[in-house]
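Notes follow once the structure below has been shown.
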Amino acid sequence: MKLGVVVLNWNGIEVTPRCLDSVLRSACPPDLIVLVDNASTDGSADLVRNRYPQVVLIENEANLGFAEGNNVGIRYLLERGFDLVLLLNNDTVLDAQALCELRRAADAQPAAAYGATIHELAAPGRVWFAGGSLSRLTLEAKHAARLAADRGAPQPTDFITGCCLMFHSRALRSIGLLDEAFFAYYEDVDWCLRAAAAGARLLYVPAAVVHHEVSHSFRRGDGGGAAAARYPWAQSSPLTLYLAYRNRLLLARKHARGRLHFVFLITRRLLKGALHAVLLGLAGRARQAAAVIDGTMAGLRRRVPPVNVARYTHAIASRNAAVSRN
């Protein structure tokens, strides 16, 4: 089966080359690598164009977010008849055998999608993802952070993180692509919930190992911290908080099972958001508190508004401008 890898880049000049190098060094390299650039301003697209002529470079005119940015690459591969499409964060590093194990699993056990074991790059040996569960009550995904006793055989899982998510093309055509309305965060949860509703099978492949620099794109230069993707109450960046609260409500709109479930989900989010905003305000993190409120209000609207990335990434923009000047 033909495997294509999609790597999404947004101002990733520090990490994207490392990711591409690890893919190219794979013992079972993909048939094609597609780098989708989300209107970067740090020169990373030019670097890829000049250093990696074997990589297909697609440059978006605007930052389309994680969901639609990846969809651009997915469509490119589907139009060319690829059987397997692997989404890979640009802040990851593949073990040499990772693609071999994912391909082996796809050959042996048909499924809609496959996930890998993901370790934290900054803490070798610490597991960030080893399969996951999805609560149908709260619509929250939980990462398993402990390796299973049987590390060889692929195992059923409720959830696969978009950090390293390999789709079968048949599933993409039947279930659909990532929902662009999410922009970033929870689009993988949404897809897995849609897959479950369609009766599709998801598999976690323990032997495929990836290392991940957690939330590099949204954390960098904006107050994140090493655990930003886990949304600690005082550490996540304003953009991360805005998207998290906005998208949890969007997820409730899409997947609530009846009126009572919807009311429960909305009430739960409102209470958590109010408490979070108060704690952030007391901690002197006014921008983060405002982002929680903005995200909650956006998620409550009948039509979820588009994401204004620049509003929440002033520090990142300033940093990239300084890099360009130098």
Side-chain angles (χ1 to χ4, degrees), residues 1-10 12 16-17 19-40 44-90 92 94 98-116 160-180 182 187-188 190-192 194-195 198 200-203 205 208 210:
M1 289 190 286
K2 288 175 64 178
L3 168 63
V5 174
V6 177
V7 177
L8 183 67
N9 177 68
W10 177 53
T16 296
C19 174
L20 293 176
D21 289 340
S22 75
V23 177
L24 292 168
R25 288 194 302 265
S26 296
C28 303
D31 298 284
L32 189 65
I33 304 172
V34 178
L35 190 288
V36 180
D37 183 74
N38 254 345
S40 295
S44 50
D46 289 334
L47 181 150
V48 171
R49 182 185 296 105
N50 296 327
R51 186 183 296 183
Y52 302 97
Q54 68 274 59
V55 173
V56 173
L57 174 62
I58 301 175
E59 296 182 79
N60 295 329
E61 294 182 357
N63 185 350
L64 303 182
F66 183 88
E68 184 59 19
N70 274 305
N71 284 344
V72 170
I74 292 171
R75 293 189 192 100
Y76 183 92
L77 293 173
L78 291 180
E79 289 167 0
R80 286 154 181 79
F82 278 75
D83 305 290
L84 301 171
V85 176
L86 173 64
L87 303 188
L88 190 64
N89 271 25
N90 67 330
T92 59
L94 292 179
L99 295 184
C100 302
E101 296 295 342
L102 288 170
R103 290 183 114 159
R104 188 174 296 120
D107 288 334
Q109 299 192 43
Y114 305 81
I160 301 171
T161 172
C163 172
C164 177
L165 173 54
M166 188 175 79
F167 301 102
H168 197 290
S169 61
R170 288 195 303 268
L172 288 168
R173 291 191 172 96
S174 61
I175 297 167
L177 278 57
L178 300 175
D179 185 344
E180 64 183 87
F182 285 89
E187 71 291 312
D188 47 6
D190 170 66
W191 196 90
C192 291
R194 287 155 52 200
R201 186 184 189 203
L202 306 178
L203 288 178
V205 184
V210 178

Residues Arg103, Asp31; criterion salt bridge (charged side-chain N to carboxylate O under 4.0 Å, His left out); working and verdict:
CA-CA 12 Å; Arg103 290 183 114 159; Asp31 298 284; 2.7 Å; yes
Are more than 12 heavy atoms from other residues, nucleotides or ligands located less than 6.0 Å from atom CD of Gln54?
yes
Tell me whether [X] contacts the main-chain N or O of [Y] through its side chain, where contact means a donor paired with an acceptor under 3.5 Å.
X      : Y      : result
Asn38  : Gly65  : yes
Arg194 : Leu177 : yes
Asn63  : Ala39  : no

When rounded to the nearest 0.5 angstrom, what distance separates [atom1] in [X] from [atom2] in [Y]?
X      : Y      : atom1 : atom2 : answer
Leu202 : Phe167 : CG    : CZ    : 9.5 Å
Thr16  : Asn90  : OG1   : CG    : 3.5 Å
Arg75  : Glu68  : CZ    : CD    : 4.5 Å
Leu88  : Ser22  : CG    : OG    : 6.5 Å
Asp107 : Leu102 : CG    : CG    : 11.0 Å
Leu78  : Ser169 : CG    : OG    : 6.5 Å

Is there a side-chain contact between [X] and [Y], using heavy atoms and a 4.5 Å cut-off?
X      : Y     : answer
Ile33  : Leu24 : yes
Leu172 : Phe82 : no
Lys2   : Asp83 : yes

For Val48, the option from Asn9, Leu20, Asp37, Val7 that meets side-chain contact (heavy atoms from CB on, under 4.5 Å):
Leu20
Sole residue of Asn70, Asp188, Leu8 in side-chain contact (heavy atoms from CB on, under 4.5 Å) with Leu87
Asn70
Heavy atoms only: give me the nearest [X]-[Y] pair and the separation to one decimal.
X      : Y      : answer
Ile175 : Ala198 : CG1-CB, 4.3 Å
Cys164 : Val210 : SG-CG2, 3.9 Å
Glu101 : Val205 : O-CG1, 3.9 Å
Trp191 : Gly176 : NE1-O, 2.8 Å
Gly12  : Pro17  : O-CD, 3.9 Å
Ala111 : His168 : O-CB, 3.5 Å

Run the numbers on Tyr76 and Val56 for side-chain contact (heavy atoms from CB on, under 4.5 Å), then give the verdict.
CA-CA 10 Å; Tyr76 183 92; Val56 173; 3.7 Å; yes
Criterion side-chain contact (heavy atoms from CB on, under 4.5 Å) on Leu64 and Glu180, from CA distance to verdict:
CA-CA 8 Å; Leu64 303 182; Glu180 64 183 87; over 6 Å; no
Please determine if Arg49 and Asp46 form a salt bridge, counting it only when a charged side-chain N lies under 4.0 Å from a carboxylate O.
yes
